[in-house]
Each structure stands twice: as C-alpha cells, then as structure tokens.
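Chain letters run A, B, ... following the sequence lines, proteins first and then strands; every chain starts at 1. These values consider heavy atoms only, across backbone and side chains, with no hydrogens, waters or symmetry-generated copies. Only a predicted model underlies this, so the values are computations on that prediction, with no experimental measurement involved.
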Number of protein chains: 2
Amino acid sequence: MVLRRDLKKQQTRDALVDAALRLAAERGLDHVTVEEISAEAGVSGRTFFNYFATKDDALLDERPGDVARMRRSLTELLPKMPVLPAIHRSLLIFIAAMEADRERWVLRMRAIEKTPSLLPRLINTGAQAELETARLIADHLGVDAAGYPALVVGVTGAAFRVALIRWATAPDGALSLGALVDEAFTSLAQGLRDPGRP
Amino acid sequence: MVLRRDLKKQQTRDALVDAALRLAAERGLDHVTVEEISAEAGVSGRTFFNYFATKDDALLDERPGDVARMRRSLTELLPKMPVLPAIHRSLLIFIAAMEADRERWVLRMRAIEKTPSLLPRLINTGAQAELETARLIADHLGVDAAGYPALVVGVTGAAFRVALIRWATAPDGALSLGALVDEAFTSLAQGLRDPGRP
DNA sequence: GCAATCCTTTCAGTCACTGCAAACTTAATA
DNA sequence: TATTAAGTTTGCAGTGACTGAAAGGATTGC
C-alpha cells in the first residue's frame, strides 16, 4: 500500500534534488545556499537536512535500492562466470537507471564543471559500498578481500565512472552509456593494451 | 638560497599536518576543531587557512611537487614503452615518497577509520590531476583524452590506491608498497583474470 | 637603517549543520 | 467519527568551518 505520506516524501525529495541540480548547474553549488534550494522546493531550510546529510548529497542523490539490487545480481552471477564479466553484467542495473535519467546527469556534470571540488565526491560515491562488494567476491573466491577482490572492485568502479563522465558530458546523447562501459571492460579484459597495438 | 621565511613556513606547515594527524587519529577529525589543531601548532586559527583550504586538506597534505615530477617522468617514458608500464614506472616517485613517510600514512588510515567520510577524499585526491595526465597520454597517442587515456589513468589510479590502503593498514611494515603495486599492475596487464586460473 | 614585501593575527560576518521541543499532518484504533 | 499514536515539518539557539579586510610584525633587499 502506497501511503499518502510516502508519496509526499518522495515528491519533496525529488523537488529538493531538482532545485539543487538546477541552481548548482546555473551558478555552481558554492553560490547556492541551502535556504535557496529549500525555498525553491517549498520547504524550510531545516527540512532539507531531514532528507540529506550534507548539501552535496542532494546533488549526488544516491539510490540505496540500486546498490542492493546490483549486489544481489552479482551474487547470482559469480558462480556462473569469471569475476570480471560478472561485475560487468551486474552493472547493467546502474546503466539502465542512469540512461533513464540522463537529463539529471547532464545537469550534475554542469554543476561539477562549475565546482570541481565536487568531482571527488561523485567519483567515489561508493567507497564504503565498494568495500562490501569486495567482501562478497572474497567470500566467493576464498581469498583475502584486501587483495584481488579490492583491486577488481576498485578498478572496475573507476572504469565505470570514466564511462559515466564521458557519457554525461558528450553532446546530446551521441553515445550510449552501455556501449561505453562495454568498451571499457573489453579494454580491461585485454590488459589495457595501447589502442592500435596487437 | 633557502630563506629563513621559507624554512619557517615549512615548519609551520609540518606542525599543522602533524597536529591534525595526531589529533584526528586519536579522536576522529569531527571531534577536533581547527582552533585546536592551530593551537597545537602554535599559530592562530586564521593562519591554518593560509596553509590549507579546508580542514580535510591538512590530513591529506598533497605535495604538488611530486605530481609534477611524476608527470615529467611519464613524458620521458611514454616514447620508450607501452602506456601501462610507463605509468607503473612513473609511480615509483610516489612509492618512494610514501615508503619514506609510512608513519604518517598509518596515522592517516587510523583517522579515516574513525571518520569514514574522509575515504572518498583520500581515494580521489587527484581527480583534477588525473585529467591532465590523461591529456598527456592523449597527446602522445594522438587520440581523444576522454577515451583510452582517461580509462588507463583512472584505472591505474584506482589500482594504486588499493595498494596504498592495503599497505598502510597492514600490520607494521609487513608488506612493501612497491611489491603491492607490482602485483596490482601485473594483474591489470593480465586482464584481471580470476586468481588461480589460467 | 629604511623601505618594500610577506605573514600572522584580530575581527566581523556568512553559512552549513545539529539537537531540541513545539506545531502540525497523516495513520491506526476503538 | 472521535481519539490516540506516529511521523514530519518547523523555528530557535548554538557550534564551528571558512572568508574578507585591515592592522601589526617579521624578513628581506637596498
């Protein structure tokens, strides 16, 4: 049952994210106050912090549900194939969610261009999440999580983000995120050979 | 010529970094004020911000000189070998600097354990720097910086940081950072194959 | 010694963020 | 429906990061 309460909360959250993205893409997040964002969304400044722990978080707006689904998918796939392709396939969940949400990602990138100090935050949204994913792989392989599992998770995360940035900064939908991720994983599987070499 | 002024500045900077590391490793950075750090270092609170833009920066304490040297080394090596080993060798500069500074890195890790929100900051200290390194490689290869160059720089950066974290959290010098980085780059060159597979 | 330059400090101000308690809205129960 | 319980929003007061400007002190070049 969908309660009116939950619906309203979702609406408020969306309004805050939209306001934050719009204003930050325009002026840069430094030149936008929480008060302004909240006013734009029709709530008080205090309420903003009922939804997001920091001002930055409204810009990044992670969905914890996606992470959980990704991890479940990975658990299923690991017994069936090597680690690298298993991660690749699990990422389809994020890819779909992001391609359906391209406009927001474009705004996000515009905001980051104006306020580069946000880049690290975007780049490593999932630092904590990655540790847990590494543990998942470690359990599967029966090895220490700090070795190969941490490496493969960190590296594929980086590859994914590079593709994401390229996709979100490319002119109007010229590239598919899925294709860019495929390309990156292919290069990874081939040992990052120089392009145009055997 | 080394001026007294520059010497004093370096001393103050070091004192601030040491104080920040010591206090943050003890209590977590959230429970340390800039006033305290500054007092510990014998300067006013305002002076802290003459050295570091944010409180976090005192903990991370990047040396811009190292980045410049690394980049110069990379420029020299690129014509002589493929990109991946060239990056690997250029990183020796960082590796040497960090192995000579292990105590601080251990404190850093202890601080990050107490305040995990710092992890993203550490993980992506070099977001901006990485972009420029990618451009270097793009010029060498004659390709678009957003493609392979961004990928290889992002990925090797991630691999390096995984090794760094493993090294700095390992019990008392049990592992050499250089060896861990070698291991990571070997795995990268082999396409991140599952450990214990052909 | 004098002047120019660079650093530090003080001060006042903005704004992110927090805990608390009151006001209000929605849901559950009788 | 009337009442109670639960969840949400809000104002308020407070801490502390960070900034700009101006004044005071130290260091350097002459």
Length of the [atom1]-[atom2] vector between [X] and [N], whole Å:
| X | N | atom1 | atom2 | result |
| --- | --- | --- | --- | --- |
| B:N50 | D:dA17 | CG | P | 16 Å |
| B:K9 | C:dT8 | NZ | P | 7 Å |
| A:Q10 | D:dT8 | CD | C1' | 15 Å |
| A:D6 | C:dT25 | CG | C1' | 14 Å |
| B:L16 | D:dC18 | CG | C1' | 15 Å |

(Q) Is it the case that the side chains of A:D14 and A:Q10 hold a donor-acceptor pair, with the cut-off being a distance below 3.5 Å and no angle test? (A) yes
Residues [X] and [Y] bridged, charged N to O under 4.0 Å:
| X | Y | result |
| --- | --- | --- |
| B:K9 | B:D6 | no |
| B:R161 | B:E130 | yes |
| B:E76 | B:R72 | no |
| B:K114 | B:D30 | no |

Q: Without swapping roles, check the side chain of A:T47 against the backbone of A:V43 for a donor-acceptor pair under 3.5 Å.
A: no
Q | Where protein sits on nucleotides 12-21 of chain C, one letter per nucleotide: B base, S sugar-phosphate only, - none, heavy atoms under 4.0 Å | A | ----SBBBB-
**Q.** Closest to side chain of B:Y51, choosing from D:dT10, C:dC7, C:dT9
**A.** C:dC7
Q: Using the test salt bridge (Lys or Arg N to Asp or Glu O under 4.0 Å), find all partners of A:R27 that sit at least two apart in sequence or belong to another chain.
A: A:E36
Q. Distance check: side-chain N/O of B:T47 vs OP1/OP2 of C:dT9, anything under 4.0 Å?
A. yes
Q: Output yes when at least one side-chain N/O atom of B:K8 is less than 4.0 Å from OP1 or OP2 of D:dA26, else no.
A: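 Looking at the OP1 and OP2 atoms of D:dA26, neither is under 4.0 Å from any side-chain N or O of B:K8.
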Q: Check each residue of residues 107-117 of chain A for a non-hydrogen atom within less than 4.0 Å of any atom in DNA chain D, then write out the ones that pass by number, or none.
A: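 Of all residues in residues 107-117 of chain A, none places a heavy atom under 4.0 Å from DNA chain D.
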Q.
Base of D:dT27, side chain of B:R5 - is there a donor-acceptor contact under 3.5 Å?
A. yes
Q. Can a cation-pi geometry be assigned to A:R102 and A:W105, taking NZ or CZ under 6.0 Å from the six-membered ring centre and within 45° of the ring axis?
A.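 No.
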Q. Can you name the nearest heavy-atom pair linking A:F160 to A:M98, along with the distance?
A.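 For A:F160 versus A:M98, the nearest heavy atoms are CZ-SD, 3.8 Å.
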